[in-house]
Structures are given as structure tokens and as C-alpha cells.
Amino acid sequence: MSDCLFCKISRGEIPAGKVYEDDEVIAFHDINPAAPVHMLLIPRQHIASLADAQDEHQALLGKMLLLAPRLAREQGLGDGFRTVINTGRGGGQEVFHLHLHIIGGSTIPPMVRHH
Ligand code: AMP
Ligand code: ZN
């Protein structure tokens, strides 16, 4: 998936405001932040969405979830943050490379309007 936007960011072909990277994952600032802090944490491996993740990705997904609070703390979100994974068109996903949103730094509204 060489023409994937987030694969290009992972390879350094498109600039991004990186906040963390290792051999498996990379985190960077969302280009259109929904709050004062809005990071995206992605696997370097191209997985199109959470619905495309397999058993073999279990450790990678666990790593991402465990990394989120650390990155949030480092960005000043010691008081809390929101994590979001949009999955598929029905879930509002726009970039089809799995990513975990880490959002915070202002009053976070209720995520779901009940009706
Ligand atoms: P989603 O709707 O969950 O697929 O979210 C995609 C996110 O990627 C949106 O919040 C966009 O603002 C963000 N985004 C799109 N292009 C870039 C980019 N080049 N660098 C950083 N974030 C991006
Ligand atoms: Zn990709």
C-alpha cells in the first residue's frame, strides 16, 4: 500500500509533527486538530482498519493502547484524554490505515448524543 497517506508518513515521505516513533508504531499531530492536543498513533504496518486486524496483530494493538496514556501524559494530558478509532465508512473513517486518535486539552463533549 505504497500510495497510502499514513504509510508515506511512516516512511518519512510526507512530513508530520512526530511525537513518538519506534520500529512498530509512530505518533504525530493531527493536521486538523479537534482539540488543543490531537495525536494519531498508527502501526507502521499497513492495516486498513480495525476491522482488518487479525489475531497476529494482537500484541501490536495492545502496544498501541498501552502507549496512548504515556503519549497523552507527555503532551500534558495527565488529567485524561479521549481515544477514538473510526472504523470503515459507517464509522466515519477517512484515512484507511488504522489509527488511534488521542484527543484532549479542552472540555471534551459527550461523544454520543442519546436519542
Ligand atoms: P479518520 O476520520 O479517523 O480516518 O481520521 C483521519 C484523520 O487524519 C483526520 O483527523 C485528519 O485530520 C487526519 N489527517 C489527514 N491527513 C493528515 C496528515 N497529512 N497529517 C496528519 N493528520 C492528517
Ligand atoms: Zn498505510
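In listed order, ligands and their atoms are each counted from 1. All figures in this text were calculated on a predicted structure; none of them were measured in a lab.
I9 and F96 fall into different hydrophobic clusters, where Ile, Leu, Val, Met, Phe, Trp and Tyr are joined by side-chain heavy atoms under 4.5 Å apart, directly or via other members. Cluster annotation: F81 is connected to L67 through the hydrophobic network of ILVMFWY side chains, with a link wherever side-chain heavy atoms come within less than 4.5 Å.
Applying the ring pair (Phe, Tyr, Trp, His ring centres under 6.0 Å) rule to pairs touching residues 2-21 yields F6-F28, F6-H99, sequence neighbours excluded.
Partners of D22 according to the salt bridge (Lys or Arg N to Asp or Glu O under 4.0 Å) rule, which considers only residues two or more places apart in sequence or in another chain, are K63. Taking the salt bridge (Lys or Arg N to Asp or Glu O under 4.0 Å) definition, one finds that E56 meets it with nothing, sequence neighbours left out.
Remark: at the Zn ion (ligand 2), atom SG from C4 and atom SG from C7 enclose 120°, rounded to the nearest 10 degrees.
Of all N/O/S atoms in H46, ND1 sits nearest the Zn ion (ligand 2). Within H97, the N, O or S atom at minimum distance from the Zn ion (ligand 2) carries the name ND1.
The 12-atom threshold is not exceeded at CD of Q58, counting heavy atoms of other residues, nucleotides or ligands nearer than 6.0 Å.
Each of L5, F6, I9, F28, H29, D30, I31, N32, L40, N86, G92, Q93, E94, V95, H99, H101 has a non-hydrogen atom positioned under 4.0 Å from some atom of ligand 1.
At distances below 3.5 Å, not a single donor-acceptor pair connects side-chain atoms of H29 with backbone N or O atoms of V37.
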